[in-house]
Amino acid sequence: MTDALFLTFVFLAAGVIAVPIASALKLGSVLGYLIAGIAISPILSLFNVDVVSLQHFAEFGVVMMLFLVGLELEPKLLWDMRMRLLGLGGLQVGLTTLAVMGVALWFGQSWSIALAIGLVFSLSSTAIVLQTFNENGLMKSDGGQAGFSLLLFQDIAVIPMLALLPLLAIPELTSHAHDAADHSAGMSLVDGLSALETALVTFGAVAIVVVGGSQLTPVLFRFISLARLRELFTASALALVVGIALLMSLVGLSPALGTFLAGVVLANSEYRHELESDIEPFKGLLLGLFFMTVGAGINFALLSENLAAILGLTLALIVIKVAIIYGVARLFGLRGSNLWLVSLTLAQAGEFGFVLLSFTVANGVIPENIADQLLLIVALSMLLTPLLYIVYERLILPRYAHLNEREADAIDQKCNVIIAGHGRVGGIANRMLRGAGYKTTVIDYSSAQLEMLRAYGFEIYYGDATRPDLLHAAGIEEANLLVIAIDDKQKITEMARHVIHHHPNVHVVARAVDRHHVYDLWAVGCRDIIRDTFDSSVRMGRSALIAMGMTEDDAFQAAGIFEKVDRRFMREMADLYRPDIPSHENPEYVAKVKELSATWAEQLGAREKE
């Protein structure tokens with residue numbers, strides 16, 4: 001018990017320390033977990049911890065992640081992905097296998113060993129790539145969707161790989177194969193069955209997942225909800241995922257593929273969001289543990305003995321996969337930064353590489369001494385993946401952003417009203433002004449937005465409205481009004497400062513993204529400031545009061561009192577606000593906020609007594 005608690009503390013403490021540091025340095029959580037694993041490796045060795053067994057357990061985080069990914073996909077969307085799934089994924093796996101096989105043959109390996117190595121290295125890390133995409137909001141991008149299609153095909157491809165690899169066994173190795181088995185060893189429902197019987201059992205298991213997920217799961221969760229115990233629903237969600245993974249393992253299928261299929265089936269379920277919230281914390285912890293075991297599992301003694309060769313082969317693998325994925329993705333229409341995104345982020349070997357390498361050793365396909373070096377290549381390639389994403393984010397993405405820029409439009413008309421930004425704020429302001437008969441000059445920096453609006457007959461100019469030369473071209477010297485409706489807090493403030501200082505005759509209406517931004521705008525001289533969500537928030541509060549039983553008239557009066565008091569105090573609070581320190585550490589500001597709350601409550605209470 002003490003040993004288990006000690007190990008739990010070591011892993012949790014390492015993650016808690018390393019991940020925030022890595023995130024603060026913009027390295028991402030994955031690299032933080034990998035570094036944490038490397039850091040605690042000596043401690044694990046000192047206590048003779050079986051890192052491989054821990055890794056096998058932690059890989060269940062990948063299974064949970066694919067279940068959650070499946071919940072985000074509707075079957076129709078999956079069908080729409082079929083061309084990318086089969087074409088893009090199939091070409092990548094096939095070409096990578098052939099390329100790596102060719103390199104292995106060049107190094108003198110037999111064709112069977114070379115083919116096995118090619119199959120192992122054709123896979124990428126689902127855990128690392130999807131974690132990276134989700135953290136950076138890239139899952140819905142073209143590159144994210146293409147990357148997901150590749151990863152999904154690779155997970156499916158693991159199934160025929162597990163069937164093919166034993167056929168490549170070398171008799172000399174088979175006689176000396178270790179008793180250690182792969183993930184699928186142990187209980188099985190298909191051992192000793194004929195090919196037809198195995199196919200029927202496998203088809204039956206998949207049918208159970210599909211039919212049970214769509215028909216039985218809602219009934220089960222409705223029954224469980226009658227107990228009104230949160231922990232019981234959490235236990236049921238975990239039991240569902242574990243049960244599906246177990247069933248898939250018993251028939252020789254990938255647990256990750258089975259849970260993904262179940263997630264897709266449940267994507268339209270009324271319990272989808274509840275399942276997501278219950279599974280998400282366990283997925284995060286297990287994925288973190290998995291990444292730490294990858295870092296802790298690096299054999300530094302073997303690495304130091306073959307440093308140049310292993311590093312060279314790792315970089316060669318990355319270059320090969322980048323080249324193949326780039327070519328295949330380009331063939332399927334991917335362009336620009338999305339092309340580099342999918343090429344760089346999927347250039348590593350994957351977590352299934354650990355599974356397949358253990359499987360090949362146990363079945364006498366690859367000699368153990370070669371497999372140990374291949375394990376290092378898999379681990380190092382995964383370790384380098386966050387760095388490849390940093391290359392994409394800091395070197396490649398800015399280059400394409402610059403290339404995608406277009407020259408500002410020539411403004412051929414000058415109106416008394418200039419509107420900077422035509423999104424959800426500026427668009428409404430523009431429609432109201434034009435509806436009242438005023439002509440406006442609208443400048444927006446989104447090329448795609450402009451093309452769409454021009455299709456509806458709006459006269460809008462492309463350009464960065466914060467540039468003084470563009471404001472001059474728009475006629476700021478003769479304008480009466482400037483509406484600043486862009487969504488960049490700093491640029492709003494700088495634009496307001498410039499116009500108020502250089503063109504004091506122009507009335508400036510500025511959008512404030514929050515309360516503190518109001519104070520910044522007030523400090524630069526702007527006096528017509530509209531808080532982004534203040535009016536809608538007051539209306540929401542008014543609706544909440546009505547929902548709690550207050551009459552509509554009383555709710556309107558309460559909202560009016562709140563708005564009146566808040567606006568009166570804003571001027572005083574603006575003088576107390578100091579941008580150089582957090583507001584909660586400013587005692588004068590905190591005191592004024594407390595006074596505001598007390599005044600509002602007092603006035604509301606006085607109104608209720610009347």
Side-chain angles (χ1 to χ4, degrees), residues 1-65 68 125-132 134-135 180 182-183 231 234-235 238 241-242 245 255-256 278-304 310 348-355 357-358 372 375-387:
M1 180 66 177
T2 304
D3 292 345
L5 289 174
F6 174 73
L7 281 179
T8 302
F9 173 77
V10 167
F11 276 102
L12 290 174
V16 166
I17 294 171
V19 173
I21 294 174
S23 298
L25 296 174
K26 306 296 183 183
L27 299 177
S29 64
V30 173
L31 186 55
Y33 282 122
L34 291 171
I35 294 172
I38 293 172
I40 64 175
S41 179
I43 299 176
L44 302 180
S45 300
L46 184 64
F47 286 87
N48 298 315
V49 176
D50 187 355
V51 176
V52 175
S53 297
L54 273 176
Q55 195 172 84
H56 290 170
F57 170 74
E59 280 172 9
F60 201 75
V62 180
V63 172
M64 289 184 169
M65 179 174 62
L68 294 177
S125 175
T126 301
I128 289 180
V129 175
L130 291 189
Q131 183 89 343
T132 302
N134 288 326
E135 279 186 358
D182 66 290
H183 279 335
E231 62 273 18
T234 301
L238 287 173
V241 177
V242 173
D278 286 337
I279 296 296
E280 181 69 34
F282 297 97
K283 179 218 71 171
L285 286 173
L286 287 174
L287 276 181
L289 177 61
F290 170 74
F291 294 134
M292 283 192 280
T293 59
V294 170
I298 296 177
N299 187 337
F300 286 99
L302 181 61
L303 178 61
S304 61
I310 291 174
Q348 75 292 114
E351 55 274 353
F352 280 116
F354 299 113
V355 178
L357 284 172
S358 300
D372 288 341
L375 283 170
L376 282 175
I377 295 174
V378 173
L380 286 178
S381 68
M382 294 173 73
L383 190 64
L384 291 173
T385 302
L387 300 180

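Note that these values count all heavy atoms, side chains included, but never hydrogens, waters or copies made by symmetry.
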| field | Over all atoms of both residues, closest heavy-atom pair of A39 and P42 | value | O-CD, 3.4 Å

| request: Please name the pair of heavy atoms, one in P20 and one in G15, separated by the smallest distance, quoted to 0.1 Å. | output: CD-O, 3.7 Å

| task | Identify the two heavy atoms, one from V19 and one from G32, that lie closest to each other, and give their separation to 0.1 Å. | result | CG2-C, 4.2 Å

| message | Measuring only between side-chain heavy atoms, which start at C-beta, is I43 closer than 4.5 Å to V49? | response | no

| By side-chain hydrogen bond (donor to acceptor under 3.5 Å, both in side chains) - contacts of T385 (at least two apart) | Q348

| query | Can you name the nearest heavy-atom pair linking L44 to A296, along with the distance? | reply | CD1-CB, 3.6 Å

| query | How many angstroms lie between CG in L384 and CD1 in I128, if you round to the nearest 0.5 Å? | reply | 10.0 Å

| Qualifying residues under side-chain hydrogen bond (donor to acceptor under 3.5 Å, both in side chains), relative to T234, sequence neighbours excluded | D278

| Are side-chain heavy atoms of T293 and L289 found at a separation under 4.5 Å? | yes

| task | State, to 0.1 Å, how close A36 and A14 come at their nearest heavy-atom pair, and which atoms those are. | result | CB-O, 3.6 Å

| Audit row: I21, I35, side chain to side chain contact (heavy atoms under 4.5 Å, CB included) steps and yes/no | CA-CA 11 Å; I21 294 174; I35 294 172; over 6 Å; no

| task | Looking only at non-hydrogen atoms, find the nearest pair between M292 and F11 and report the distance. | result | CE-O, 3.3 Å

| request: Starting at CG of L46, measure out to CG of N48 and round the result to the nearest 0.5 Å. | output: 8.0 Å

| task | State, yes or no, whether a side-chain contact exists between L380 and L303 at a heavy-atom distance under 4.5 Å. | result | yes

| field | Heavy-atom side-chain proximity of D372 to L375 below 4.5 angstrom | value | yes

